[in-house]
Amino acid sequence: SSPRETGPRADLVAADFGFLFLELRVQKALLGLLSAVFCSFVCAQVNDQWKIIHAGSLLADAREGARTEQSIIVRNNFIVDVRDGYVEPSEVSGASNAKLIDLSSQFVLPGLIDSHTHILSQQESNSREIRVTRSDELSTLMGYEFGMRTLRAGFTTIRNVGGARNAIFALRDAINQGIVIGPRIKAAGQVITPTGGHGDGGGFRDDIFPHPHTGVCDGVTECRKAVRTQVKFGADHIKYVATGGVLSLTATGTEQQFTNEEQTALVQAAHAMGRKVAAHAHGKAGIMSALLAGVDSIEHGSYLDEEVANLFVRTGAYLVPTLIAGYTVERIATEQPQFFIPAVRQKALEVGPIMRNALRIAHERGVKIAYGTDAGVNDHGTNAYEAVLMAEAGMPAREILIAATINAADLMSLTAVTGTIEAGKDADIIAVRGNPLEDISALMQPTFVMARGNEINLAVPPLDLFPWPDL
C-alpha cells in the first residue's frame with residue numbers, strides 16, 4: 001500500500017471533508033426540523049375537532065337582539081367564527097370533517113354562570129354528623145357529581161365561595177387540566193370568619209375542633225394573614241363573612257360580625273394580591289361596612305334598602321342576590337320544622353321572605369347584579385330556578401340573562417373567556433326550546449350543553465331536586 005500523504009495538502013483535504021460532513025449534518029438537521037414543523041402543522045389540522053352548530057335563534061350577547069339562522073364554528077375548545085346562515089363543513093377551511101349539530105329549531109345562548117355556589121355539598125339532615133366524619137377526598141368526589149348536575153343544568157362556569165380548601169382546589173384543577181369534565185370553577189378556598197362567626201365551626205364540644213381552620217381570624221393583623229394564606233394555597237378570590245348567617249349552628253343573628261377596621265384590612269390585603277373580594281352580608285350595617293371597605297360583591301344583601309342601594313351604586317359593587325337560597329330555607333323551615341335546629345329555623349323564617357324585596361329595590365336603583373344561587377343550600381341542578389324568582393321580584397328577562405352572562409363574567413374577571421358567543425372565546429354554549437326573553441323559565445330545561453367545546457350528555461335519569469316546580 002502507498003504511504004499516507006502528509007503535510008499541508010493533506011491537512012487541506014481533511015478540512016474540506018470535515019466541512020462537507022458538517023454541512024451535510026446541518027442540512028439533515030434543518031430538513032428534520034422542517035419536516036417536524038410541517039408534520040405538526042398537518043397533524044394538528046388532522047387532529048383538530050371541528051363542530052358547526054346551526055342555531056335557529058342565537059342570542060350571542062344578552063345585551064343585543066337575537067339573530068336567526070346562525071352558524072357557530074367551533075375548533076377544539078374555542079369559537080372560531082359566527083356566520084349568518086347555515087354553513088356547511090366544506091365552506092370552512094380545514095373543517096371538511098366537522099360534526100354538524102342541528103339546533104335549528106332551538107334558542108341558543110352562552111353558557112350560564114352561577115356566581116355563588118358551594119359545590120362540595122348540599123343540605124342533608126345529618127349535617128352536624130357530616131362535619132366530623134366526611135373526608136376531603138369524599139367531598140371532592142361529591143363535588144364532581146354536583147358539578148355535573150350543575151353543568152347539565154346549563155351552567156358552564158361557577159364561582160365557589162367557600163368549602164374545604166384542598167377538596168375544592170383539587171376539583172378545580174382536575175377540571176382545568178382536562179382530567180374530568182365539569183363547570184369552569186373559580187374557587188375561594190376557606191371562608192374568612194371571626195372566631196365564633198358564621199364561617200367558624202360552632203355548636204360542637206370544644207375538643208371536636210381544637211384548632212381553627214386557616215380562615216378564622218381576629219384583629220387587623222390576623223385578618224391580613226388569613227387572606228394571604230388563602231392566596232398562598234391557590235384561592236382565585238376571597239370570601240369573608242361580614243355578618244352572621246342563617247345556617248350557622250349558633251344563635252348569633254345576621255348583623256355585623258367583623259369590625260370596620262378588620263373588613264378594610266381584609267379587602268386591602270386581597271386587592272394588594274390581585275384578588276377580588278366577596279362579602280357574605282345580610283344585615284344593613286354589615287352590608288354598608290363591607291361596601292365602604294371596598295368589596296367587589298355583596299352576597300345575599302337581605303336587608304338592603306334605598307340607602308344601601310345608593311351606596312352600591314357609588315362604589316360599583318355587584319349584588320349577588322341568591323333568592324333561591326332564601327326561598328329554600330323558608331320552605332324547609334315551614335314544611336319540615338324538625339329539619340333545622342331551633343336557632344337556624346328562626347333565622348330562616350325571618351330572612352327568607354325579605355330577599356326578593358331587596359332585589360327589587362336594588363334593581364330599581366340601578367345596582368349592578370350578578371346571577372348567583374348559593375347552590376348547596378338549594379340542590380345542585382336547580383340553579384336556573386333563581387331566574388324565575390328574579391323575574392317574580394321584577395327583573396326583566398333580558399336583564400336576568402345579562403346578570404347570568406355578561407355581569408357574572410365581569411365579576412369573575414372572565415370577560416375575555418366566556419359570557420358571549422364570539423370568535424376567540426371558549427365554546428360555552430347552551431340551547432333551550434323556548435325563548436327565554438319571553439319566558440325566562442325556558443332556562444330550566446336545557447336541550448343542549450357545550451362546555452369549552454365538549455358536548456355534555458344530558459340523557460341521564462331524572463333527579464328528585466328541591467326546590468323544583470312541576471314543569
Side-chain angles (χ1 to χ4, degrees), residues 115-116 159 161-162 188-200 215-220 222-224 226-228 230-231 235-248 252-273 275-322 325-326 347 351 354-355 358-359 361-362 365-370 372 374 407-408 410-413:
S115 302
H116 189 122
R159 183 178 67 148
V161 287
Q190 297 289 165
V191 169
I192 310 293
T193 174
T195 299
H198 176 52
D200 198 2
V216 178
C217 61
D218 300 290
V220 166
E222 285 188 11
C223 287
R224 290 194 183 112
V227 167
R228 293 165 182 161
Q230 303 315 308
V231 174
D236 298 307
H237 52 266
I238 296 298
K239 157 79 174 300
Y240 78 89
V241 295
T243 74
V246 172
L247 297 180
S248 300
T252 52
T254 54
E255 289 300 328
Q256 183 170 343
Q257 293 187 338
F258 274 123
T259 67
N260 296 345
E261 294 76 17
E262 287 169 329
Q263 294 193 62
T264 298
L266 287 165
V267 175
Q268 288 178 345
H271 286 173
M273 301 188 84
R275 300 300 191 274
K276 288 186 175 180
V277 183
H280 157 106
H282 288 292
K284 177 177 177 178
I287 299 172
M288 296 190 73
S289 177
L291 289 172
L292 291 171
V295 296
D296 300 283
S297 68
I298 294 289
E299 316 299 304
H300 316 304
S302 305
Y303 288 90
L304 180 152
D305 61 13
E306 287 79 3
E307 182 183 12
V308 174
N310 292 339
L311 185 56
F312 263 100
V313 173
R314 286 215 319 270
T315 64
Y318 277 99
L319 171 66
V320 182
T322 68
K347 289 181 287 184
V351 174
I354 68 172
M355 296 177 75
L359 176 60
I361 295 170
R365 293 288 175 136
V367 174
K368 294 193 300 183
I369 295 165
D374 209 358
N407 287 1
D410 178 53
L411 174 59
M412 296 170 65
S413 300

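Just so you know, these numbers come straight off a predicted model, no measurement behind them. Atom set for the values below is all heavy atoms of this structure, side chains included, hydrogens, waters and symmetry mates excluded. Sequence positions, counted from 1, serve as the residue numbers for this chain.
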> What's the verdict on side-chain contact (heavy atoms from CB on, under 4.5 Å) for V351 and H300, showing C-alpha distance, side-chain angles and the deciding distance?
Replying inline: CA-CA 10 Å; V351 174; H300 316 304; over 6 Å; no
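- Between V161 and V191, the closest side-chain pair of non-hydrogen atoms is not below 4.5 Å.
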> Does the pair H116 and T322 meet the rule for a side-chain hydrogen bond (donor to acceptor under 3.5 Å, both in side chains), with working shown?
Replying inline: CA-CA 8 Å; H116 189 122; T322 68; 5.8 Å; no
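- The NE2 atom of H282 sits 8.5 Å away from the CD1 atom of I354 when rounded to the nearest 0.5 Å.
- Two residues are said to be in side-chain contact when any heavy atoms from C-beta on lie closer than 4.5 Å; T243 and F258 fail this criterion.
- In terms of heavy-atom proximity, A188 sits nearest to A235 at O-CB, 3.4 Å.
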> Going through the distances and angles, do N260 and L292 end up as a side-chain contact (heavy atoms from CB on, under 4.5 Å)?
Replying inline: CA-CA 9 Å; N260 296 345; L292 291 171; over 6 Å; no
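- Note that the CZ atom of R228 and the SG atom of C223 stand 11.0 Å from one another [nearest 0.5 Å].
- For the 3.5 Å distance criterion, the side chains of H280 and E299 fail to qualify, holding no donor opposite an acceptor.
- For residues 279-295, the pairs satisfying salt bridge (charged side-chain N to carboxylate O under 4.0 Å, His left out) are K284-D305, K284-E307, with sequence neighbours left out.
- Note that CG of N407 is 12.0 Å distant from OG of S297, once rounded to the nearest 0.5 Å.
- When all heavy atoms of G301 and I287 are compared, the closest pair comes out as CA-CD1, 3.7 Å.
- Panel note: side chain D374, backbone A325; no donor-acceptor pair is recorded below 3.5 Å.
- Of the candidates I238, V227, V295, V227 is the only one forming a side chain to side chain contact (heavy atoms under 4.5 Å, CB included) with L266.
- Atom OG of S289 is separated from atom CG of L311 by 10.0 Å, given to the nearest 0.5 angstrom.
- You'll find the side chain of V320 reaches within 4.5 Å of the side chain of R159, heavy atoms only.
- Nearest heavy atom pair, residue I361 against residue A309, reads CG2-CB, 4.3 Å.
- Between P194 and V216, the shortest heavy-atom contact is C-CG1, 4.3 Å.
- Remark: K368 NZ to F312 CZ distance equals 11.0 Å, nearest 0.5 Å.
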>> side-chain contact (heavy atoms from CB on, under 4.5 Å) for V267 and Y240? Distances and angles first, verdict last.
In response: CA-CA 9 Å; V267 175; Y240 78 89; 4.1 Å; yes
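- Side chain of Q257 to main chain of T193: no donor-acceptor pair is present (N/O by atom type, distance under 3.5 Å, no hydrogens or angles).
- Looking only at atom types and distance, the side chain of E262 has no donor-acceptor partner in the side chain of T264 under 3.5 Å away.
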> Under the side-chain contact (heavy atoms from CB on, under 4.5 Å) criterion, do I192 and V241 qualify, and how do the steps go?
Replying inline: CA-CA 6 Å; I192 310 293; V241 295; over 6 Å; no
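- Shown here for A242 and A290, the closest heavy-atom pair between the two residues is CB-CB, 4.2 Å.
- Of the N and O atoms on the side chains of D296 and H271, at least one donor lies less than 3.5 Å from an acceptor on the other residue.
- A 4.5 Å side-chain heavy-atom check between P321 and M355 finds every atom pair outside the cut-off.
- Closest heavy-atom contact between A358 and L304: O-CD2, 3.4 Å.
- Side-chain contact between R275 and V231 is present, with heavy atoms from C-beta onward closer than 4.5 Å.
- Interatomic distance, Y318 OH to M412 CE, rounded to the nearest 0.5 Å: 12.0 Å.
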